[in-house]
Amino acid sequence: MSLVREGEWVYMLREGMIGDFNRRAENEKPDLSEADLHMVDMRKANLKQANLRGAYLRNADMRALDLSQADMDGASIHDANISGVLFPRDLPAREILLSVSHGTRMRVHGRT
């Protein structure tokens, strides 16, 4: 697996173009699968329905994000700031805790 995925979605987040990101996210689901988003400030980004499958989010600032409908299977959030994040219901708390503290890839239960 390669964590070098680039694209417009990744670029907008890395460059702090949150307004542009959110306008585009109104009409389509952000595809951030396999993206390297370590140390990216994602606060205020509309990631509610984002595809974060396999994303690398080490040390990312994710405070207060609504990820309730996001696909986070295989994502890693090691040392990310997750205060106030609304995670998907099918993502067990244990998976979140293991990922934040040890960098494990989260496994979403109930998905195929």
Side-chain angles (χ1 to χ4, degrees):
M1 173 170 43
S2 174
L3 290 171
V4 293
R5 187 167 193 283
E6 297 292 331
E8 292 179 55
W9 291 110
V10 174
Y11 177 80
M12 285 187 280
L13 285 179
R14 283 190 186 148
E15 296 300 316
M17 302 167 61
I18 303 301
D20 294 334
F21 184 95
N22 289 343
R23 278 187 288 283
R24 186 168 172 194
E26 289 176 14
N27 299 313
E28 59 184 293
K29 293 180 182 179
D31 184 4
L32 298 164
S33 59
E34 307 297 332
D36 182 349
L37 295 168
H38 77 282
M39 299 182 67
V40 173
D41 183 350
M42 296 187 289
R43 291 174 296 164
K44 300 184 182 179
N46 180 356
L47 296 172
K48 185 174 185 173
Q49 297 182 335
N51 178 358
L52 290 163
R53 193 172 186 88
Y56 181 68
L57 303 159
R58 183 177 186 141
N59 295 109
D61 193 342
M62 302 170 68
R63 287 179 286 175
L65 288 178
D66 180 353
L67 300 172
S68 60
Q69 297 172 33
D71 182 354
M72 299 196 68
D73 195 44
S76 176
I77 56 173
H78 191 218
D79 287 332
N81 190 338
I82 60 167
S83 178
V85 172
L86 180 59
F87 285 100
R89 287 186 186 266
D90 58 355
L91 182 58
R94 181 164 173 74
E95 293 290 328
I96 297 166
L97 291 172
L98 285 170
S99 189
V100 169
S101 56
H102 300 289
T104 60
R105 298 245 172 220
M106 295 181 287
R107 294 172 296 178
V108 176
H109 299 180
R111 290 193 186 168
T112 56

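Computed over heavy atoms, backbone and side chain alike; hydrogens, waters and symmetry mates excluded.
Placement of M39 and L37 in two distinct hydrophobic clusters is found when ILVMFWY residues are connected by side-chain heavy-atom separations under 4.5 Å, directly or transitively. Hydrophobic clustering (ILVMFWY, side-chain heavy atoms < 4.5 Å, transitive): V10 and M17 are in one cluster. Residue L52 is not grouped with residue L98 when hydrophobic side chains (ILVMFWY) are merged at heavy-atom distances under 4.5 angstrom, including chains of intermediate members.
Considering only heavy atoms from C-beta on, D20 stays 4.5 Å or farther from R24 through its side chain. Taking 4.5 Å as the limit, some side-chain heavy atom of M62 sits within range of a side-chain heavy atom of L67. The closest side-chain heavy-atom distance from M42 to L57 is below 4.5 Å.
Taking both residues in full, the closest heavy atoms of A25 and W9 are given as N-CH2, 3.7 Å, listed atom of the first, atom of the second, then distance. Looking at every heavy atom in both residues, V100 comes nearest to A80 through CG1-O, 4.5 Å. For P88 against M72, the heavy-atom pair with the smallest separation is CD-SD, 4.1 Å. In terms of heavy atoms, R14 sits closest to V40 at CG-CG2, 4.0 Å. The nearest pair of heavy atoms linking R23 to N27 is O-ND2, 4.1 Å. Closest approach of D41 to I18, counting heavy atoms only: O-CD1, 4.3 Å.
With no hydrogens or angles considered, a side-chain donor-acceptor pair links D31 and S33 at under 3.5 Å.
Of the possible polar contacts, none joining the R63 side chain to the N81 backbone as a donor-acceptor pair under 3.5 Å is found. Of the possible polar contacts, one joining the D73 side chain to the V108 backbone as a donor-acceptor pair under 3.5 Å is found. For the pair E95 (side chain) and R107 (backbone), a donor-acceptor distance under 3.5 Å is present. Between the side chain of S99 and the backbone N or O of R105, no donor-acceptor pair lies under 3.5 Å.
Residues that satisfy the side-chain hydrogen bond (donor to acceptor under 3.5 Å, both in side chains) test with N22, not counting sequence neighbours, are absent from this structure.
A distance of 7.5 Å separates CG in N46 from CD in E26, rounded to the nearest 0.5 Å. Atom CG of L47 and atom CG of D66 lie 9.0 Å apart (nearest 0.5 Å). Going from atom CD1 of I96 over to atom OG of S101 covers 11.5 Å, rounded to the nearest 0.5 Å. For the atom pair NZ of K48 and CG of L65, the computed distance is 12.5 Å after rounding to the nearest 0.5 Å. Rounding to the nearest 0.5 angstrom, the gap separating the CD atom in E15 from the CD atom in E8 is 13.0 Å. M106 CE to F87 CZ: the interatomic distance, rounded to the nearest 0.5 Å, is 6.0 Å.
The aromatic rings of H38 and Y56 are tilted relative to each other, their planes meeting at an angle between 30° and 60°.
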